[in-house]
There are 2 protein chains.
Amino acid sequence: MTEPAFFILTALVDEPRHGYGIVGEVATLSDGRVRLKIGTLYGVLDRLVGDGLVERDRDEVQQGRLRRYYRLTESGHRSLTDETERQAANARAATERLQAWRPASQGWAS
Amino acid sequence: MTEPAFFILTALVDEPRHGYGIVGEVATLSDGRVRLKIGTLYGVLDRLVGDGLVERDRDEVQQGRLRRYYRLTESGHRSLTDETERQAANARAATERLQAWRPASQGWAS
DNA sequence: GCAGGATATCTTGTGGACCGATATATTGGG
DNA sequence: CCCAATATATCGGTCCACAAGATATCCTGC
């Protein structure tokens, strides 16, 4: 799973959101590190809907502007859970390696 | 950073390895989840060398077969450390969301 | 009243990256 | 002797992220 997809799913865990709302939520979630581009958002969103991880929710019109909401499906919830564990495992594996490497022995330039 | 790049760097943390050795080490590291394709390996490896995260090491000839070794640079070590922390943070953020969502309230089909 | 910025959706084109397939070469086993 | 495994490298297709642009409405300032 790509990082944009991962964050979009995460942003939809607690409640349905619309496009622009997702962009803002992802920025918050990632402490400003990930700023979803608008073109990325809709492309990824369409793909997630096609894969059944996300569903169209209600459409709202607020102040004349359309808001198209999306919600997480059960399958999307499962995928996100799996992917999260996967990434945590990857990070653990790398951390172990990086910590085991300490002996100041065959370093690149010491 | 892409997942293949992440695992290649991780496989090079403890000691220089050659192409096939990296493939095997990545499989071990990831508990068999990630099986690097040979086309992916050399493409990513070249890019990492170009970016200065990995360097060519010695060439060995063992039993008539060439073994071209690669090693992690200091910059590569730093990049991997950063990326690892980044992924751990992503996983933490998602885990928090997934755990906070429990109230059995507005679920998809309950 | 209108220009410009913010909100909001969606489309299109480009470049990059992964991966399957292919090519080449050597060693060892049946 | 041929095939599998080891080992390198290249090429083409396909998918994906992103920038840029199109469309439309509301709000603010002039």
Side-chain angles (χ1 to χ4, degrees), chain A residues 1-12 16-28 30 32-71 79 83 86 90, chain B residues 1-12 16-28 30 32-51 53-71 79 83 86-87 90:
Chain A
M1 184 180 307
T2 62
E3 198 185 38
F6 174 78
F7 271 110
I8 290 175
L9 293 183
T10 305
L12 294 177
R17 287 178 207 275
H18 63 104
Y20 248 61
I22 292 173
V23 173
E25 186 62 19
V26 166
T28 302
S30 66
R33 260 186 295 106
V34 179
R35 275 174 213 156
L36 233 45
K37 301 314 178 293
I38 213 63
T40 304
L41 174 74
Y42 290 107
V44 175
L45 216 38
D46 284 350
R47 188 157 34 88
L48 291 174
V49 169
D51 291 346
L53 307 187
V54 166
E55 279 174 351
R56 284 275 300 274
D57 199 82
R58 69 196 182 277
D59 279 6
E60 275 182 12
V61 177
Q62 286 208 346
Q63 296 170 322
R65 284 188 284 268
L66 175 66
R67 286 185 164 183
R68 178 152 289 166
Y69 284 77
Y70 295 87
R71 83 175 91 91
S79 286
E83 181 65 16
R86 203 178 125 82
N90 289 0
Chain B
M1 182 180 309
T2 61
E3 197 184 37
F6 173 78
F7 271 110
I8 289 175
L9 292 182
T10 305
L12 293 176
R17 289 180 206 274
H18 62 103
Y20 247 63
I22 293 174
V23 173
E25 187 62 19
V26 166
T28 302
S30 67
R33 259 185 296 109
V34 179
R35 275 173 213 157
L36 232 46
K37 301 314 178 296
I38 214 62
T40 304
L41 175 74
Y42 290 107
V44 175
L45 216 39
D46 285 350
R47 197 173 72 249
L48 291 174
V49 170
D51 292 346
L53 306 188
V54 165
E55 281 174 350
R56 284 276 300 274
D57 201 82
R58 68 197 182 276
D59 278 6
E60 275 182 12
V61 177
Q62 284 208 348
Q63 296 171 320
R65 286 186 283 267
L66 175 65
R67 286 184 165 184
R68 179 153 289 168
Y69 284 78
Y70 295 86
R71 83 176 91 91
S79 286
E83 180 66 15
R86 203 177 124 83
Q87 286 196 24
N90 290 359

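Just so we're clear, the structure is a prediction, and the values are computed from it rather than from any experiment. Each chain gets a letter, A, B and so on, in the order its sequence line appears, and its residues count up from 1.
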Q: For C:dT9, take OP1 and OP2 only and decide whether either is under 4.0 Å from a side-chain N or O of A:Tyr42.
A: yes
Q: Decide yes or no for B:Arg56 and B:Tyr70: does some side-chain heavy atom of the first lie under 4.5 Å from some side-chain heavy atom of the second?
A: yes
**Q.** Euclidean distance, atom CZ of residue B:Arg58 to atom P of D:dA7 [Å, nearest integer]
**A.** 13 Å
Would you be so kind as to tabulate the donor-acceptor pairs closer than 3.5 Å made by side chains of residues 37-51 of chain A, with sequence neighbours excluded?
{"residue": "A:Lys37", "atom": "NZ", "partner": "A:Arg35", "partner atom": "O", "Å": "2.8"}

If you look only at distance, which donor and acceptor atoms sit under 3.5 Å apart when one is on a side chain in residues 16-25 of chain B and the other is two or more places apart or in another chain?
{"residue": "B:Arg17", "atom": "NE", "partner": "B:Ala11", "partner atom": "O", "Å": "2.8"}
{"residue": "B:Arg17", "atom": "NH2", "partner": "B:Asp14", "partner atom": "OD1", "Å": "3.0"}
{"residue": "B:Arg17", "atom": "NH2", "partner": "B:Asp14", "partner atom": "OD2", "Å": "3.0"}
{"residue": "B:Glu25", "atom": "OE2", "partner": "A:Arg97", "partner atom": "NH1", "Å": "3.2"}
{"residue": "B:Glu25", "atom": "OE2", "partner": "A:Arg97", "partner atom": "NH2", "Å": "2.4"}

Q. Listed by chain and number, what are the side-chain hydrogen bond (donor to acceptor under 3.5 Å, both in side chains) partners of A:Arg68, not counting sequence neighbours?
A. A:Asp59
Q: Look at all strands and tell whether A:Tyr70 reaches a base, only sugar-phosphate, or nothing, counting heavy atoms closer than 4.0 Å.
A: sugar-phosphate
Q) Starting at CZ of A:Arg67 and ending at C1' of C:dC10, how long is that distance when rounded to a whole Å? A) 17 Å
Could you run down the sub-3.5 Å N/O contacts of the protein with nucleotides 3-5 of chain C?
none

**Q.** Rounded interatomic separation in angstrom, taking OH from A:Tyr20 and C1' from C:dT7
**A.** 6 Å
Q: Give the rounded distance in Å between these two atoms: CD of A:Glu60 and P of C:dA8.
A: 11 Å
Q) In whole angstrom, what separates B:Asp46's CG from D:dC11's P? A) 12 Å
Q. Between A:Arg68 and C:dT9, is there a side-chain N or O to OP1/OP2 distance below 4.0 Å?
A. no
I'd like a list of close polar pairs between nucleotides 15-19 of chain D and the protein, N/O only, cut-off under 3.5 Å.
{"residue": "D:dA17", "atom": "OP1", "partner": "A:Thr2", "partner atom": "OG1", "Å": "2.3"}
{"residue": "D:dA17", "atom": "OP2", "partner": "A:Arg47", "partner atom": "NH2", "Å": "2.6"}
{"residue": "D:dC18", "atom": "OP2", "partner": "A:Thr40", "partner atom": "OG1", "Å": "3.3"}

Q. Could you give the CD-to-C1' distance, from B:Gln62 to D:dA5, as a whole number of Å?
A. 15 Å
Q. For the pair made of CG in A:Leu45 and C1' in C:dA8, what is the distance, rounded to whole Å?
A. 13 Å
Q: Starting from C1' on C:dT9, measure out to OH on A:Tyr69 and report it in whole angstrom.
A: 14 Å
Distance-only donor-acceptor hits, side chain of residues 3-10 of chain B, under 3.5 Å, sequence neighbours excluded:
{"residue": "B:Glu3", "atom": "OE1", "partner": "A:Arg86", "partner atom": "NH2", "Å": "2.8"}
{"residue": "B:Glu3", "atom": "OE2", "partner": "A:Arg86", "partner atom": "NH2", "Å": "2.4"}
{"residue": "B:Glu3", "atom": "OE2", "partner": "A:Asn90", "partner atom": "ND2", "Å": "3.2"}
{"residue": "B:Thr10", "atom": "OG1", "partner": "B:Phe6", "partner atom": "O", "Å": "2.8"}

